[in-house]
Asks: 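Got a structure for you, written out below as structure tokens; questions coming shortly.
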Amino acid sequence: MTLQDTLEQTARDVERMLDRLLAAGDGPEARVVEAMRYGTLNGGKRIRPFLVVHGAALFNATPTGALRAAAAIEMVHSYSLIHDDLPAMDDDDLRRGRPTCHIRFDEATAILAGDSLLTLAFEVLARPETHSDPGVRAELVVALATASGAEGMVGGQMIDLWAEDHDLDIAAITRLQRMKTGALIRFSCEAGALLGKAPEAARHALMAYAHDLGLAFQIADDLLDVTGDAAAMGKRAQKDADKGKATFVSLLGVERARDQASMLADQAAGHLDMFGDKAEPLRDLARFVVERSN
Ligand code: GRG
């Protein structure tokens with residue numbers, strides 16, 4: 001199986017799980033469920049679910065638990081995109097090649113859909129179907145809360161907004177991105193280790209992979225913003241430059257940023273040596289993350 005096949009297979013599996021977890025509602029409140037489905041079941045590369053599923057497979061965790069955790073992280077990721085696209089934040093009309101949630105519905109519904117995806121993610125993790133051990137479920141909930149909140153993604157987004165009027169150096173951008181994007185990638189890897197009750201050394205190796213992969217992902221994202229094709233990406237390009245934001249690319253230049261992303265992807269893959277062939281999908285993903293066109 002090629003990486004493309006594996007990505008598509010994982011995307012199909014997690015979409016089936018999302019479809020089940022986001023069952024259409026009744027009555028006037030059905031509109032928010034429709035918007036939640038619109039914001040999640042609309043394509044996307046499903047990189048975070050891939051990390052959960054193939055990380056969990058290293059430790060023989062149950063496929064159902066892995067897919068539920070994968071759906072939970074994709075709900076949080078989708079909520080962040082819905083809210084990030086709102087007029088109060090990035091004010092974008094296009095996401096994954098389609099009108100953004102607030103354009104398709106309205107602003108209030110998009111806010112509620114994001115809120116509700118965030119809370120549902122925690123419900124999914126906390127339910128016994130995710131893992132038979134309540135201790136594992138509690139660890140998953142704490143890890144996702146830490147990754148999503150002010151110490152993680154939301155904190156990173158706050159710094160990003162602040163940076164519109166302040167200059168950041170490379171160390172500050174690295175910190176911002178480790179919080180804004182890296183924290184959910186880190187959770188995605190951690191979830192597999194938690195579900196499979198991984199031994200300490202194995203868990204550390206996977207976390208080291210997540211650390212380098214998260215930064216490689218963000219540098220690649222910054223490169224795409226400058227060099228990518230808006231049609232292929234399904235979203236607006238040149239957003240950072242338009243806002244005059246400092247990014248890895250504006251500080252390092254395109255060539256050095258590319259080299260740095262590639263070096264981090266190799267380094268990420270190198271952390272997985274102890275898992276042998278079983279970690280091949282995760283190694284392939286590291287390369288994909290820096291070579292992708294969307
Ligand atoms: C609004 C709470 C809140 C947080 C927003 C993550 C984030 C913080 C905003 C998203 C804006 C953005 C474009 C960030 C750069 C990295 C990123 C998350 C890109 C999109 O992720 P992909 O490439 O998207 O995995 P798909 O569509 O494939 O799921």
Side-chain angles (χ1 to χ4, degrees), residues 7-8 10-11 14-15 18 38-52 70-71 73-98 100-102 107 110-111 113-119 121 144-145 147-164 173 176-188 213-226 228 230 232-243 245 247-249 261 285-286 288-294:
L7 270 167
E8 282 169 17
T10 311
V14 76
E15 278 157 24
L18 282 165
Y38 183 83
T40 44
L41 294 164
N42 61 349
K45 297 178 290 297
R46 313 299 190 193
I47 286 175
R48 295 155 194 81
F50 185 98
L51 291 168
V52 179
I73 187 65
E74 197 62 12
M75 285 177 196
V76 174
H77 170 58
S78 302
Y79 125 75
S80 81
L81 299 181
I82 293 171
H83 280 195
D84 189 62
D85 290 335
L86 286 166
M89 299 237 189
D90 255 10
D91 195 9
D92 271 312
D93 293 353
L94 199 63
R95 168 71 60 188
R96 295 170 172 169
R98 299 201 305 175
T100 46
C101 194
H102 65 277
E107 262 183 68
I111 291 170
D115 292 346
S116 198
L117 282 168
L118 179 63
T119 45
L144 184 60
S148 318
E151 280 178 46
M153 181 179 70
V154 166
Q157 177 77 347
M158 190 73 255
I159 302 173
D160 204 22
L161 292 172
W162 179 83
E164 287 178 13
I173 289 180
L176 181 170
Q177 299 300 359
R178 284 208 190 288
M179 292 167 74
K180 181 177 153 181
T181 320
L184 289 199
I185 289 180
R186 186 183 157 84
F187 169 81
S188 305
L213 183 78
L215 210 51
F217 175 94
Q218 188 56 50
I219 298 175
D221 207 71
D222 288 354
L223 279 162
L224 281 173
D225 190 60
V226 174
M233 292 191 291
K235 62 181 181 184
R236 191 156 54 91
Q238 303 284 346
K239 290 200 299 191
D240 297 327
D242 288 352
K243 286 192 173 178
K245 264 197 215 168
T247 67
F248 288 112
V249 177
L285 187 81
F288 168 80
V289 152
V290 293
E291 287 172 1
R292 68 204 163 99
S293 58
N294 75 340

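For the single chain, residues carry numbers from 1 onward in sequence order. Both counts, for ligands and for their atoms, begin at 1 and track the order of listing.
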Asks: Give the residue, atom name and distance (to 0.1 Å) of the protein heavy atom nearest atom 13 (C) of ligand 1.
Replies: K235 NZ, 4.1 Å

Asks: At their closest point, which heavy atom of I82 faces which heavy atom of A110, and how far apart are they?
Replies: CG2-O, 3.4 Å

Asks: Where is the nearest protein heavy atom to atom 15 (C) of ligand 1: which residue, which atom, and how far?
Replies: D221 OD2, 3.4 Å

Asks: Determine, considering heavy atoms only, which of Q157, K45, R95 sits nearest to atom 5 (C) of ligand 1.
Replies: Q157

Asks: Using a 4.0 Å cut-off to any heavy atom of L81, which atoms of ligand 1 qualify?
Replies: 10 (C)

Asks: With a 3.5 Å distance limit and no angle check, can you tell me whether D85 reaches the backbone of T100 through a side-chain donor-acceptor pair?
Replies: no

Asks: Under 4.0 Å from any heavy atom of Y79, which atoms of ligand 1 are there?
Replies: 2 (C)

Asks: Using a 4.0 Å cutoff against the non-hydrogen atoms of H83, which atoms of ligand 1 qualify?
Replies: 1 (C)

Asks: Grab the two heavy atoms, one from A216 and one from V290, that are nearest each other, plus how far apart they are.
Replies: CB-CG1, 3.8 Å

Asks: If I compare all heavy atoms of G43 with all of E15, which pair ends up nearest, and what's the gap?
Replies: O-OE2, 4.5 Å

Asks: Using a strict cut-off of 4.0 Å, indicate which atoms of ligand 1 neighbour a heavy atom of R292.
Replies: 23 (O)

Asks: Could you tell me which atoms of ligand 1, counted from 1 in the order shown, lie closer than 4.0 angstrom to a heavy atom of R96?
Replies: 26 (P), 27 (O), 29 (O)

Asks: What closest approach, in Å, do V14 and A71 show between heavy atoms, and which atom pair accounts for it?
Replies: CG2-N, 3.7 Å

Asks: Taking all atoms of both residues into account, what is the closest heavy-atom pair of G39 and R96, and its distance?
Replies: O-NH1, 3.6 Å

Asks: Evaluate R48 for polar contact with ligand 1, using N/O atom pairs at a separation under 3.5 Å.
Replies: yes

Asks: Nearest to atom 20 (C) of ligand 1, what protein heavy atom do you find, and at what distance?
Replies: H77 CE1, 3.9 Å

Asks: Between CG of L184 and NE2 of H77, what distance do you get to the nearest 0.5 Å?
Replies: 8.0 Å

Asks: To the nearest 0.5 Å, what is the distance between CD on Q157 and CE on M89?
Replies: 5.0 Å

Asks: Would you mind listing which atoms of ligand 1 come within a distance below 4.0 Å of any non-hydrogen atom of V154?
Replies: 2 (C)

Asks: Check whether N42 reaches the backbone of Y38 with its side chain - one donor and one acceptor, N or O, closer than 3.5 Å.
Replies: yes

Asks: Among all protein heavy atoms, pick out the one at the shortest distance from atom 7 (C) of ligand 1; state its residue, atom name and that distance to 0.1 Å.
Replies: K180 CE, 3.8 Å

Asks: Can you list the ligand 1 atoms lying under 4.0 Å from a non-hydrogen atom of D84?
Replies: 1 (C), 9 (C), 10 (C), 11 (C)

Asks: Looking at S80, which atoms of ligand 1 are within less than 4.0 Å of one of its heavy atoms?
Replies: 1 (C), 4 (C), 5 (C), 6 (C)

Asks: Nearest protein heavy-atom contact for atom 17 (C) of ligand 1: which residue, which atom, what distance?
Replies: F217 CE2, 4.0 Å

Asks: Using a 3.5 Å cut-off on N or O atoms only, is Q218 in polar contact with ligand 1?
Replies: no

Asks: Any donor-acceptor pair under 3.5 Å linking the side chain of R178 with the backbone of G214?
Replies: no

